[in-house]
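In what follows, chains carry the letters A, B, and so on, assigned in the order in which the sequence lines appear, proteins first and then strands, with residues in each chain numbered from 1.
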There are 2 protein chains.
Amino acid sequence: MHLKIEKIIEYCLANNILLTNQQSLIIKIITEIASPLTANEILHELQKLNPKANRMTIHRALEILVKNGIIHKVAFNHTYKLCDHLYCKHDHHCQILVCQECGNQTEIHNLKITEALLEIGKTYNFNLANPLEITGLCTKCQMKGTL
Amino acid sequence: MHLKIEKIIEYCLANNILLTNQQSLIIKIITEIASPLTANEILHELQKLNPKANRMTIHRALEILVKNGIIHKVAFNHTYKLCDHLYCKHDHHCQILVCQECGNQTEIHNLKITEALLEIGKTYNFNLANPLEITGLCTKCQMKGTL
DNA sequence: TGATATAATGTTACATTGTAACATTAAAGT
DNA sequence: ACTTTAATGTTACAATGTAACATTATATCA
Ligand SMILES: [Zn+2]
Ligand SMILES: [Zn+2]
Ligand SMILES: [Zn+2]
Ligand SMILES: [Zn+2]
């Protein structure tokens with residue numbers, strides 16, 4: 001068993017987040033496949049294990065997992081990824097660098113951004129959501145562009 | 001005629017961005033309707049003027065306008081809005097506060113965020129895109145939640 | 001002007017993401 | 001075992017967006 005999965009299960013138990021078999025499988029899929037997945041990709045993976053598995057189940061599970069901060073939904077390319085910081089103790093403001101070319105995602109935890117965001121939140125009385133999506137071109141895709 | 005539209009037309013002429021009739025109409029729609037619009041909403045508006053108008057035309061026009069920084073595409077709720085800063089001279093790093101409840105959008109221009117982003121861009125060799133979408137709850141929607 | 005090349009628009013068909021309403025099945029409580 | 005509740009599955013639908021191709025304007029040149 002993956003170490004990450006154990007930590008998540010542990011976290012869920014500690015925080016009274018009940019997981020059904022299928023929801024555990026969805027976490028397993030998202031955890032074991034490193035790259036961010038779309039709902040459909042998760043569905044196809046789940047259907048390898050349970051051919052009757054359905055899109056609704058995926059979306060219902062994703063909703064729970066997002067709500068509990070276990071995974072992040074990335075609006076830019078409709079993907080879902082495990083939160084890297086789940087098992088950390090910090091106050092959990094994360095930012096995700098999303099490559100608009102290849103979809104690669106890097107989760108970071110930058111203090112300056114966090115501070116600037118909190119200030120903006122106060123100034124505009126805006127209740128910030130987590131995470132912050134920062135779109136752009138990753139190193140690889142910048143190289144490709146200049147060829 | 002709207003003042004903003006004139007400035008945009010002027011900007012396009014100066015920057016060799018050719019606009020067809022329909023593209024001008026799309027700018028007009030986005031400019032005159034204050035709130036951000038989805039592609040479909042823009043289409044419905046355009047069809048009031050040209051019943052044969054087609055979704056493809058909208059998307060093709062939007063692509064040009066986004067590419068030239070005249071409008072922003074907001075991934076969070078698939079909307080398009082006029083860039084408030086088009087006719088400003090500054091180096092144009094903008095951030096948009098997007099309410100995940102009502103969809104309201106406030107475009108800002110915050111130096112601290114910009115600086116922090118540039119630093120991140122360097123650190124991770126990540127070529128930042130504009131604008132930055134900051135999601136959360138606007139003041140109104142925070143109030144609703146506490147009722 | 002009239003023929004021809006180019007760009008813009010329109011048409012059709014499709015893939016993807018997501019939800020609403022309802023039916024069925026599994027789990028829990030009595 | 002019966003009942004209640006929660007989870008899952010089914011069907012149907014709406015919205016966003018694109019690909020491939022047909023048609024129509026627009027510009028260019030003989
Ligand atoms: Zn995270
Ligand atoms: Zn990339
Ligand atoms: Zn802007
Ligand atoms: Zn709001």
Side-chain angles (χ1 to χ4, degrees), chain A residues 12 16-30 35-68 70-81 98 100-103 105 133 135, chain B residues 12 16-30 35-68 70-81 98 100-103 105 133 135:
Chain A
C12 289
N16 237 10
I17 302 163
L18 304 177
L19 294 179
T20 64
N21 274 4
Q22 249 175 157
Q23 287 164 2
S24 304
L25 283 179
I26 292 171
I27 292 178
K28 193 167 176 305
I29 289 166
I30 295 178
S35 56
L37 298 170
T38 66
N40 264 359
E41 287 166 347
I42 297 170
L43 177 60
H44 294 332
E45 288 302 318
L46 185 58
Q47 282 178 335
K48 289 180 188 169
L49 307 168
N50 170 15
K52 294 186 78 182
N54 187 274
R55 180 188 303 146
M56 282 310 303
T57 306
I58 302 288
H59 282 289
R60 289 191 273 235
L62 291 176
E63 195 190 347
I64 293 171
L65 297 175
V66 168
K67 196 172 291 176
N68 286 289
I70 295 165
I71 63 173
H72 294 308
K73 169 168 187 166
V74 176
F76 178 76
N77 55 2
H78 308 124
T79 56
Y80 300 84
K81 79 179 282 288
V98 185
Q100 56 200 172
E101 196 68 29
C102 69
Q105 295 178 15
E133 290 182 35
T135 53
Chain B
C12 289
N16 239 9
I17 303 163
L18 303 178
L19 294 178
T20 63
N21 274 3
Q22 247 172 158
Q23 287 166 1
S24 304
L25 283 178
I26 291 171
I27 293 180
K28 194 168 174 306
I29 289 166
I30 295 177
S35 57
L37 298 170
T38 67
N40 264 359
E41 287 165 346
I42 298 170
L43 177 59
H44 294 331
E45 288 300 317
L46 186 58
Q47 282 178 336
K48 290 180 187 171
L49 307 168
N50 170 15
K52 295 187 76 181
N54 187 273
R55 180 188 304 148
M56 281 311 301
T57 306
I58 301 288
H59 282 289
R60 290 191 272 235
L62 291 175
E63 194 189 348
I64 294 171
L65 297 175
V66 167
K67 195 172 288 173
N68 285 289
I70 295 166
I71 64 173
H72 294 308
K73 169 167 187 167
V74 176
F76 178 76
N77 57 1
H78 309 124
T79 55
Y80 301 83
K81 77 178 284 285
V98 185
Q100 57 201 171
E101 195 68 29
C102 69
Q105 295 178 16
E133 289 182 35
T135 54

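Remark: of the listed residues B:L37, B:L62, B:I26, B:L62 is the sole one forming a side-chain contact (heavy atoms from CB on, under 4.5 Å) with B:I71.
Within the 4.0 Å cut-off from OP1 or OP2 of D:dG17, at least one side-chain nitrogen or oxygen of B:Y80 is found. Between A:Q22 and D:dG9 there is a side-chain N or O to OP1 or OP2 distance below 4.0 Å. One finds no side-chain N or O of A:T20 lying less than 4.0 angstrom from the OP1 or OP2 phosphate oxygen of D:dA6. Within the 4.0 Å cut-off from OP1 or OP2 of D:dA15, not a single side-chain nitrogen or oxygen of B:T38 is found.
With rounding to the nearest 0.5 angstrom, the SG atom of A:C12 is 7.0 Å from the CG atom of A:L65.
Distances were taken from every side-chain heavy atom of B:K52 (C-beta onward) to each of C:dG18, D:dT11, C:dT11; the shortest belongs to C:dT11. Considering only side-chain atoms of B:T57, the nucleotide from C:dG10, C:dG18, D:dT16 that sits closest is C:dG10. Here C:dT16 is the nucleotide among C:dT16, C:dT11, D:dG17 with the atom lying nearest to any side-chain atom of A:N40. Residue B:M56 places its side chain closer to D:dA20 than to any other of C:dT17, D:dT10, D:dA20. Of the candidates C:dG18, D:dT16, D:dT11, the closest approach to any side-chain atom of A:N54 belongs to D:dT11.
Among the atoms of the strands shown, none is found under 4.0 Å from any heavy atom of A:E63. Looking at heavy-atom distances under 4.0 Å, A:N50 makes contact with sugar-phosphate atoms alone, never a base.
Here D:dG17 presents its P atom at 12 Å from CZ of A:F76, a figure rounded to the nearest Å. The distance between atom CG of B:L62 and atom P of D:dT16, rounded to the nearest whole Å, is 12 Å. Look at CG on B:L37: it is 15 Å from C1' on D:dT16, rounded to the nearest Å. Taking atom CD on A:Q47 and atom C1' on D:dT8, their separation rounds to 13 Å, with Å as the unit. Protein atom CG of B:L25 is 16 Å distant from nucleotide atom P of C:dA8, rounded to whole Å. Spacing between atom CZ of B:R55 and atom P of D:dT18 amounts to 11 Å, rounded to whole angstrom units. We find that CG of B:L43 is positioned 12 Å from C1' of D:dA15, with the value rounded to whole Å. Straight-line distance from the CD1 atom of B:I42 to the P atom of D:dA15: 15 Å, rounded to whole Å.
Between A:H59 and A:H78, the ring centre distance reaches or exceeds 6.0 Å.
Salt bridge annotation for B:E63-B:R60: absent, with no cationic side-chain nitrogen under 4.0 angstrom from a carboxylate oxygen.
Scanning atom types as modelled, one donor and one acceptor separated by under 3.5 angstrom connect the side chain of B:R60 and the base of C:dG10.
A donor-acceptor pair shorter than 3.5 Å can be found between the side chains of B:T79 and B:N77.
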